[in-house]
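Below is one structure, written out as structure tokens, with a few remarks after it.
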Amino acid sequence: MAGVDATLLKDLDRRGLINQATGDGELTQHLTESRTLYCGFDPTADSLHIGSLVPLLTLKRFQAAGHKPIALVGGATGLIGDPSFKTQERSLNTPEVVSGWVEKLKRQVSQFIDFDCGDNSAVVANNLDWTQDLNVLDFLRDVGKHFSVNNMINKESVKQRIQREGEGISFTEFSYMLLQSMDFAELFKRYNCTLQIGGSDQWGNITGGVDLARRQHRGKVYGLTLPLVTKADGTKFGKTESGTIWLDANRTSPYAFYQFWLNTADADVYKFLRYFTFLSVDEIDEIEAADRERAGKPEAQGILAREVTRLIHGDEGLAAAERISRALFSGDIADLSESDLEQLRLDGLPSSVLPADFGGQSLINLLVDAGMAPSGKPVKDALGRNAVLVNGQAVGMEFNADPAAVFSADRALCGRFFIVRLGKKKYHLFTLES
RNA sequence: GCAGGGGUUCCCGAGUGGCCAAAGGGAUCAGACUGUAAAUCUGACGCGAAAGCUUCGGUGGUUCGAAUCCACCCCCCUGCACCA
């Protein structure tokens, strides 16, 4: 068996990754031997987003330290919906939809952990396996009996739903905790899994499982929660104007993903390096010190973007993201060769083909149709402020009715390409029909 | 079922007959400044290039005119009752 890195918890602590743990510090002792731990991911979409990245990477950290990770995909819990800290009851998804998502998440989660490294190889589990045939009476007698409703309604995670005027909670969602608790007890029985990790919102569900494992199997198991990722300016982490940042390249291109991290605020970037990369804390401290020393533009964002993009999208995804970023944000667009431009499209820069005849289409319309803006208003605003650049040339409102003049062959790069920039950061590649 | 409270533009939340596309805040977008930051300032923020058009749970109605009044309906919340 591979040696166990007993300093793991200390490292997690230095990274700020420990929010709360059960067992009064016994966990450190517990982890001096190779253990099995799990973290659950519920299928609420066909891909995870970066909100799940912290627990996902923490599983990886545990595995690197010699422990055996189980990634649990919630085929069952996904059918119910976790009420923890949610302000509203959510609508149920159909079993077919959820099982489709389960398959996708299984694949996605599997990219992060090693399934072929001997004794601590990872396992992917689905809690539907031990719940779908469970009989209601057995459930109520064997599981329900161990839970006190008095206790459950006092949980902080459901308080909003219990106390707040205007919202309620269904029995279905209220029961969620029992299902998750069962998972822990079950994994303890099946795999001798003795640790569950999760976001800080999972504390109530995790302690529920700790108690159930003890009551059902007299098992001594532990829970550890990770902090919720917050931003210094108080806005929600993981969202941009174009929506959630997903891990699936089909939903969020490696380029957009890379740009997301590159735009991290100074106030957050060192924390994020500790959360989201495998660079050592010492290395990160050095980066921070060097940035402070130098003043001006920090290096940290670039390092963060590179590290995380490589982690999620691999070397190729990173290379593509960097190629696009370099081409668009530094240097002269006019210097790009035809193959460079072609490559941008292959790399995932949003692109579309211009129609041969513009008909009566306005320029605003064309850009909206290409997906550069949700409606005409922002484009109009940008046109009025010289914030629309076609191949580096500002285009004003007066061209709105005359897209043919803007997208004429003699103004195209290499005879057929137009790079349109809207605002500071939104780019789109148009090509003339050949 | 009864009683009470409530459903407003992405979110929170004002508005209770015309001056309302609807205060204020947040989020978001654009500009200036910068480092593809932050802070700050400016502008935008239902749709539309514009003229104009469509909104305030739904449907009808009253009115010259309704988010605002009336009727019915749907949904949510709180309490009570019924059931057991």
Side-chain angles (χ1 to χ4, degrees), chain A residues 86-91 153 158-170 173 230-245 255-273 288 290-292 294-306 309 321-331 333 349 358-369 371-389 392 394-403 405-406 419-427:
Chain A
K86 302 283 188 328
T87 54
Q88 286 190 326
E89 180 89 10
R90 288 180 297 167
S91 50
I153 54 181
V158 293
K159 223 170 205 161
Q160 281 196 76
R161 300 282 290 280
I162 305 275
Q163 297 183 343
R164 184 179 161 180
E165 189 92 1
E167 291 300 337
I169 183 167
S170 66
E173 284 197 8
T230 56
K231 294 204 294 177
D233 64 8
T235 57
K236 202 167 157 65
F237 169 76
K239 302 269 189 203
T240 66
E241 75 276 15
S242 40
T244 305
I245 305 295
Y255 162 68
F257 189 84
Y258 176 88
Q259 284 289 324
F260 169 80
W261 294 102
L262 196 64
N263 281 295
T264 303
D266 293 4
D268 294 319
V269 71
Y270 305 102
K271 177 169 87 174
F272 286 4
L273 279 169
E288 184 168 4
D291 277 344
R292 221 193 336 260
R294 178 166 1 87
K297 189 177 180 177
E299 301 266 302
Q301 279 87 347
I303 297 168
L304 178 67
R306 260 196 305 285
T309 307
E322 287 191 308
R323 270 197 301 272
I324 299 178
S325 299
R326 234 189 337 265
L328 298 182
F329 290 100
S330 60
I333 289 173
L349 180 67
F358 296 107
Q361 277 230 83
S362 63
L363 183 56
I364 291 179
N365 236 297
L366 279 167
L367 300 193
V368 171
D369 284 352
M372 295 192 75
S375 81
K377 279 276 159 60
V379 182
K380 186 189 156 198
D381 181 51
L383 281 172
R385 292 164 181 272
N386 284 329
V388 174
L389 274 66
V395 174
M397 195 63 201
E398 66 276 14
F399 286 99
N400 183 39
D402 192 12
V406 177
I419 291 179
V420 176
R421 186 178 115 179
L422 176 65
K424 224 167 281 186
K425 296 171 192 170
K426 277 192 284 288
Y427 285 94

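All heavy atoms count here, side chains included; hydrogens, waters and symmetry mates do not. Throughout, a chain's letter reflects where its sequence line sits, starting with A, and its residues are numbered from 1.
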Name every donor-acceptor pair, under 3.5 Å, that has one atom in a side chain of residues 378-386 of chain A and the other anywhere in the protein, sequence neighbours excluded.
residue, atom, partner, partner atom, Å
A:Asp381, OD1, A:Arg385, NE, 3.0

Paired nucleotide for [N] [Watson-Crick or G-U wobble; both distances under 3.5 Å]:
{"N": "B:C72", "answer": "B:G58"}
{"N": "B:G4", "answer": "B:C77"}
{"N": "B:G43", "answer": "B:C29"}
{"N": "B:A21", "answer": "none"}
{"N": "B:C82", "answer": "none"}

Interatomic distance at [atom1], [N] relative to [M], whole Å:
{"N": "B:A3", "M": "B:A81", "atom1": "P", "result": "15 Å"}
{"N": "B:G48", "M": "B:U54", "atom1": "C1'", "result": "11 Å"}
{"N": "B:G57", "M": "B:G43", "atom1": "C1'", "result": "34 Å"}
{"N": "B:G26", "M": "B:U34", "atom1": "P", "result": "25 Å"}
{"N": "B:C45", "M": "B:G24", "atom1": "P", "result": "12 Å"}
{"N": "B:G46", "M": "B:C11", "atom1": "C1'", "result": "16 Å"}
{"N": "B:C56", "M": "B:G4", "atom1": "C1'", "result": "24 Å"}
{"N": "B:C47", "M": "B:A23", "atom1": "P", "result": "15 Å"}

Subject >> A:Phe237 CZ - B:A27 P separation (whole Å) >> reply: 18 Å

Original post:
Whole Å only: how far is the CG atom of A:Asp381 from the C1' atom of B:U28?
Top reply: 13 Å

Subject >> All salt bridge (Lys or Arg N to Asp or Glu O under 4.0 Å) counterparts of A:Arg323, not counting sequence neighbours >> reply: A:Asp347

Subject >> Stepwise ring pair (Phe, Tyr, Trp, His ring centres under 6.0 Å) check, A:Phe237 with A:Phe272 >> reply: CA-CA 11 Å; A:Phe237 169 76; A:Phe272 286 4; 5.2 Å; yes

Original post:
Residues two or more places apart in sequence or in another chain: which of them pass side-chain hydrogen bond (donor to acceptor under 3.5 Å, both in side chains) with A:Ser375?
Top reply: none

Subject >> Under the side-chain hydrogen bond (donor to acceptor under 3.5 Å, both in side chains) test, residues paired with A:Lys271 that sit two or more places apart >> reply: A:Thr230

Subject >> Set of side-chain contact (heavy atoms from CB on, under 4.5 Å) partners for A:Ala232, sequence neighbours left out >> reply: A:Ala267, A:Asp268

**OP:** Not counting sequence neighbours, which residues clear side-chain contact (heavy atoms from CB on, under 4.5 Å) with A:Ala300? List them please.
**Re:** A:Val269, A:Tyr270, A:Leu273, A:Ile287, A:Asp291

**OP:** Would you give a per-nucleotide map of nucleotides 45-56 of chain B, 5' to 3', where B means the base has a protein non-hydrogen atom under 4.0 Å away, S means only the sugar-phosphate does, and - means neither?
**Re:** --BBSS------

Subject >> B/S/- contact track for nucleotides 32-37 of chain B, protein heavy atom under 4.0 Å >> reply: -BBBBB

Subject >> Exam field: side chain A:Tyr255 to backbone A:Ile324, donor-acceptor pair closer than 3.5 Å >> reply: no

**OP:** Name all residues meeting the ring-ring contact (aromatic ring centres under 6.0 Å, His included) criterion together with A:Phe358; count only those two or more places apart in sequence or in a different chain, and write none if there are none.
**Re:** none

